[in-house]
Amino acid sequence: MASLGVSGVLLGFTVLVLLTSPAYSLTCSSQTFASNQRYELCNDLPQLSSYLHWTYNSTNSSMSIAFVAPPAKSDGWISWALNPTGTGMLGSQALIAFKDAKGSMTVNTYNVSSYSSIVQSKLSFDVWGMTADSSDGVMRIFAQLAVPNKSTTVNQVWQVGSSVTDGHPVKHDFQSANLNSKGTLDLTKGESTSVSGGDSRVKKKNVHGILNAVSWGILFPIGAIIARYLRTFQSADPAWFYLHVSCQLSAYVIGVAGWATGLKLGSESKGITYTGHRNLGIALFCLATVQIFALFLRPKKEHKLRFYWNFYHHGVGYAILILGIINVFKGLDILDPEKKWKSAYIVVLAVLGGIALLLEAVTWVVVLRRKSDKSTKPYDGFNNGQDRQQPLSI
Ligand code: HEM
Ligand SMILES: *[C@@H]1O[C@H](CO)[C@@H](O)[C@H](O)[C@H]1NC(C)=O
Ligand SMILES: *[C@@H]1O[C@H](CO)[C@@H](O)[C@H](O)[C@H]1NC(C)=O
Ligand SMILES: *[C@@H]1O[C@H](CO)[C@@H](O)[C@H](O)[C@H]1NC(C)=O
Ligand SMILES: *[C@@H]1O[C@H](CO)[C@@H](O)[C@H](O)[C@H]1NC(C)=O
């Protein structure tokens with residue numbers, strides 16, 4: 001019951017922090033432009049922390065775009081391209097933006113037809129109104145173009161590089177993010193940036209993040225700490241057990257709610273699946289459900305099978321602990337490219353870890369002292385419950 005209070009406070013605190021911080025989530029639907037230019041749709045591109053905003057006019061098959069990406073180095077370049085003849089770099093009709101010799105942002109067009117070098121040239125479709133700017137570590141390309149083949153699904157390619165020599169962009173890295181920065185774009189579907197639509201999706205992502213971080217990332221570890229350390233203190237028996245159970249039960253309830261919002265988000269997101277994050281989430285749900293059922297199938301303390309039950313319960317418990325924390329980090333990487341929330345969560349983990357270390361030390365002292373007491377006063381042994389003497393078997 002006390003832990004329900006604790007979880008309530010934690011939840012309230014996290015919600016408060018998230019809602020009062022101005023740039024609480026940098027997904028495309030919350031991005032705005034200095035020029036107050038608005039675009040109907042946007043996508044968080046799956047690689048290179050890049051974003052595409054666009055408005056598609058189906059009447060004359062034209063589109064107006066804004067591409068936002070952090071260059072690999074501040075004097076580097078960013079590029080966005082349509083590829084009317086293929087899916088990767090070769091054949092791309094690219095817009096590349098960088099700082100020119102005088103230090104002002106320029107955009108040029110390139111017909112990319114070779115992996116060894118690229119040549120500035122006209123594109124195979126019309127482009128106009130090209131501009132670029134740069135601030136806060138990102139560069140932005142603005143342009144309008146006539147969509148080739150008048151199709152509504154196009155192949156897009158994007159890239160970032162670290163340097164430009166004599167007005168020529170120098171080759172990009174070949175990390176997996178650089179080799180996978182391509183995909184199809186459905187011009188009629190994306191995240192809506194209209195105030196209500198965009199905001200509601202950002203809110204859903206934040207609610208999903210908060211519920212899961214509090215449950216898997218904070219409450220489960222606290223419950224494990226309670227089970228491992230409070231039971232050493234005879235005065236805490238059986239209070240530790242009820243605390244542990246109510247902590248893990250509320251973590252489970254919050255976690256299942258978070259899991260459900262995750263499934264909903266996944267089914268709504270267009271064209272982007274975070275496979276690792278999703279599979280870990282499903283595995284966590286299964287493990288936690290098994291763990292809750294195990295509570296009801298628990299053999300009595302004196303029962304022969306209790307040893308095996310303990311072994312299994314602790315094993316699954318630690319698996320949930322580790323996978324949960326990993327998945328919170330995976331989620332934070334998706335939700336928040338800014339790394340701010342990651343640092344906040346690392347601080348929370350460090351505090352919990354510190355507390356656990358301290359309690360580990362205290363436990364050892366208590367147990368060793370109890371052992372030595374016992375050797376000098378043999379009769380005292382009757383008062384000590386067996387499993388309280390072996391904190392390491394928890
Ligand atoms: C500046 C000159 C450039 C050079 C010298 C260059 C060179 C290369 C090379 C050698 C590869 C193959 C790497 C591998 O398979 O191991 C590659 C892949 C790639 N490049 Fe570039 N690149 C340049 C510019 C660009 C631009 C402007 C874009 C964006 C429009 C781009 C997007 C890609 C993508 C998405 C891949 C991986 C997919 C594919 O192989 O098509 N590159 N690049
Ligand atoms: C789309 O293009 C047509 C033709 O130029 C124009 O009449 C129409 O107003 C445009 N629609 C929007 C929403 O800009
Ligand atoms: C299509 O319509 C837009 C919006 O009215 C206009 O800016 C653009 O020039 C038109 N594109 C073409 C290819 O005519
Ligand atoms: C689009 O048009 C180009 C010629 O402009 C052609 O080579 C290409 O195959 C077409 N792509 C599709 C998907 O129809
Ligand atoms: C782009 O380069 C390819 C290969 O050199 C060439 O066949 C094609 O005509 C060029 N396209 C444009 C629009 O210059």
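Below, each value reflects all heavy atoms present in this structure, side chains not excepted, and no hydrogens, waters or symmetry copies. Just so you know, ligand 1 is whichever comes first in the structure, and atom 1 is the first atom listed for that ligand.
The environment of F311 atom CZ is sparse: at most 12 non-hydrogen atoms of other residues, nucleotides or ligands sit within 6.0 angstrom.
The list of ring pair (Phe, Tyr, Trp, His ring centres under 6.0 Å) pairs with a residue in residues 129-156, not counting sequence neighbours, reads F33-F142.
Within 4.0 Å of ligand 5, contacts by protein heavy atoms are made from N111, S113, K122, L123, S124.
Near N60, with a cut-off below 4.0 Å to any heavy atom, the atoms of ligand 2 are 2 (O), 4 (C), 5 (O). Near S181, the atoms of ligand 1 lying under 4.0 angstrom from a non-hydrogen atom of the residue are 35 (C). Atoms of ligand 1 found under 4.0 Å from any heavy atom of V157, numbered from 1 in the order shown, are 29 (C), 30 (C), 32 (C), 35 (C). Here is the list of ligand 1 atoms found below 4.0 Å of a heavy atom in I96: 27 (C). Ligand-side atoms of ligand 1 in range of K182: 38 (C), range being under 4.0 angstrom from any heavy atom. Taking a cut-off of under 4.0 Å to the non-hydrogen atoms of A81, the atoms of ligand 1 that pass are 30 (C). Counting atoms of ligand 1 from 1 in the listed order, those under 4.0 Å from a heavy atom of L179 are 13 (C), 14 (C), 18 (C), 37 (C), 38 (C). Within the listing of ligand 1, atoms 41 (O) sit less than 4.0 angstrom from a heavy atom of G88. Near S116, meaning under 4.0 Å from any of its heavy atoms, are these atoms of ligand 1: 5 (C). Against a heavy-atom cut-off of under 4.0 Å, N57 is close to the following atoms of ligand 2: 1 (C), 2 (O), 3 (C), 8 (C), 10 (C), 11 (N), 12 (C), 14 (O).
Ranking protein heavy atoms by distance to atom 30 (C) of ligand 1, first place goes to S79 OG, 3.5 Å. Of all protein heavy atoms, the one closest to atom 1 (C) of ligand 1 is P169 O, 3.3 Å.
Ring-centre distance between Y39 and W54: not below the 6.0 Å cut-off. Remark: aromatic rings of H172 and F174 are close, center separation under 6.0 Å. The ring of F220 has its center no closer than 6.0 angstrom to the ring center of Y252.
Residue Y110 is found in a hydrophobic cluster whose other members, listed by chain and number, are W77, M89, L90, I96, F98, V112, Y115, I118, V164; membership requires side-chain heavy atoms under 4.5 Å apart, directly or through intermediates.
Within the sub-2.8 Å shell of atom 21 (Fe) of ligand 1, the protein contributes these N/O/S atoms: M89 SD, H172 NE2.
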Query - L187 vs M63, side-chain contact (heavy atoms from CB on, under 4.5 Å): CA-CA, chis, key distance, verdict - result: CA-CA 9 Å; L187 296 177; M63 72 191 286; 3.5 Å; yes
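Between S62 and Y56, the side chains place no donor N or O within less than 3.5 Å of an acceptor N or O (distance only, hydrogens not considered).
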